[in-house]
**Q** 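Structure provided below as structure tokens; questions to follow.
Protein chains get the first letters and strands the later ones, always in sequence-line order, with residue 1 at the start of each. Atom set for the values below is all heavy atoms of this structure, side chains included, hydrogens, waters and symmetry mates excluded.
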Amino acid sequence: MGLSIIWYLKEFCRGTWIKTFLFAKTAPLVDPPYFRGYPTLTGKECTHCLSCMMICPTPGAIEVLCEGETWAPKIFEGHCIRCGLCIEACPEDVLDAGRVLETQARDGTSLSVRYQVAVNPDTCVRCGNCVVACPVNKEADPQLSATGTSANDEVIMRIHRGNLWVFHDEKCTGCKTCEGVCPTGSIRIARVAEGRQGAEE
Amino acid sequence: MTGMLQKMKNAVRSRSIHVTYVDTGSCNGCDIEVLACLSPRYDLEQYGIYVHNNPREADVLLVLGCCTPQWEDKLKGLWEKIPEPKVAIAIGNCPLSGCVFNREGSYVNPPASKHIPIAASVPGCPPRPTEIIRAILSLAPTVFKDYEEKRE
């Protein structure tokens, strides 16, 4: 017992112990380099394609705003969940956070987007408005009739034998003009984004 | 003499920050990040931050979650239980905007600043432990500095 007290006193009188006890510094607070923070602008030019806004899973987290002559995405803190999807979706690499762009380049991952045309046959009245209004259809068949019938197979959709047929929804550009002209609201365009790896377009 | 005493109080207060947290309906993501602050990796107590489960022992209130209707009056009561000087920090997106819970037809009432005065916010879904600790460390000493003089 007596010896252990002496041992402790000796220990406390050691210079290194006193120095550590009085002047020990706490480690600095640093974020690790792999931390994916809020997306920041890399300085590349935004083309206003709005891919970032369309892929964003949170309401009100990102908006592409006009700053004088140029467009630039703006992140709203308090809404953004820092998932990094806008960074991956951007074709111009306007945004970056953490190692997202680096990892994407290394793994060769990309997001591909296509559009699905869905028609509800119960409410569709086969008026052909969507066929006539579609700008892609106009390109493919300039002689499209006002009722939506066409002899051309290259159109996205057409009226054939009193029914609306969707042939090539892979040609759809997602403009949604058909949704606007449909009198019964029975045509719907869905945007489908798929993650890919190693595939080159 | 009073100046010296005040300086000593400031020095002590900046190294001894007492924190309590309240979850007003979050998904537990932020709770786990607050818990991670206590873990050996981040080790809150090396910065002089102590966590209590009793608001009467605390000076800093961490508000997590999106303020469900059941919490509206209870959050206010809890805020009144904290002795002066006190400060509230909103942790995560939920007390700011409601985040994923703030959809049509959901029973939430964000932001938390509607119910109690929020001095600072740490956005993120969830925020990193480093961000939480940084917010507490940067805010609390400035709020508590010269508290007695400010009150007069």
**Q** Quick check on B:Pro126 against chain A: is it the side chain, the backbone, both or neither that has a heavy atom closer than 4.5 Å?
**A**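 Backbone only.
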**Q** Who among B:Leu96, B:Asn102, B:Ile133 has the most heavy-atom pairs with chain A under 4.5 Å?
**A**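 Ranked by contacts with chain A, first place is B:Ile133.
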**Q** Please find the pair of heavy atoms, one from B:Cys125 and one from A:Ile81, that lie closest to each other, and give the distance.
**A**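 Heavy atoms only, the tightest pair is CB-CG2, 3.4 Å.
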**Q** Heavy-atom pairs under 4.5 Å with chain A - which of B:Pro129, B:Gly98, B:Gly124 has more of them than the others?
**A**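 The residue among B:Pro129, B:Gly98, B:Gly124 with the greatest pair count is B:Gly124.
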**Q** Counting only pairs under 3.5 Å, give me each side-chain donor-acceptor contact of residues 107-114 of chain B, with atom names and distances, residues two or more places apart or in other chains.
**A**
residue: B:Asn109; atom: OD1; partner: B:Lys114; partner atom: NZ; Å: 2.5
residue: B:Asn109; atom: ND2; partner: B:Glu72; partner atom: OE2; Å: 2.7
residue: B:Lys114; atom: NZ; partner: B:Pro110; partner atom: O; Å: 3.3

**Q** Could you pull out every donor-acceptor pair under 3.5 Å between side chains of residues 41-69 of chain A and any protein atom, sequence neighbours left out?
**A**
residue: A:Thr42; atom: OG1; partner: A:Asp93; partner atom: O; Å: 2.7
residue: A:Thr42; atom: OG1; partner: A:Val94; partner atom: O; Å: 2.9

**Q** Is atom CZ of B:Phe144 surrounded by more than 12 heavy atoms (other residues, nucleotides or ligands) closer than 6.0 Å?
**A**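 More than 12 heavy atoms, drawn from other residues, nucleotides or ligands, come within 6.0 Å of this atom.
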**Q** Counting C-beta onward and ignoring hydrogens, is there a side-chain heavy-atom pair between B:Arg128 and A:Leu29 closer than 4.5 Å?
**A**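 They are not in contact (no side-chain heavy atoms under 4.5 Å apart), so the answer is no.
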**Q** Are more than 12 heavy atoms, taken from residues, nucleotides or ligands other than A:Arg14, located less than 6.0 Å from that residue's CZ atom?
**A**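 Yes, CZ of A:Arg14 has more than 12 neighbouring heavy atoms, counting only those of other groups under 6.0 Å.
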**Q** Evaluate whether atom CH2 of A:Trp165 has more than 12 neighbouring non-hydrogen atoms of other residues, nucleotides or ligands under 6.0 angstrom away.
**A**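 Not more than 12 within 6.0 Å, no.
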**Q** With a sphere of 6.0 Å drawn around CD of A:Gln143, does it hold more than 12 non-hydrogen atoms of other residues, nucleotides or ligands?
**A**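 12 or below, so no.
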**Q** Heavy-atom distances under 4.5 Å only: say whether A:Tyr38 touches chain B with side chain, backbone, both or neither.
**A**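 Answer is side chain: those atoms of A:Tyr38 sit under 4.5 Å from chain B.
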**Q** Please report the closest heavy-atom contact between A:Gly78 and B:Pro123, naming both atoms and the distance.
**A**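 Distance-wise, the nearest heavy atoms are N-CB, 3.5 Å.
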**Q** Which heavy-atom pair separates B:Pro127 from A:Arg82 by the least distance, and what is that distance?
**A**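 The answer is CA-NH2, 3.3 Å.
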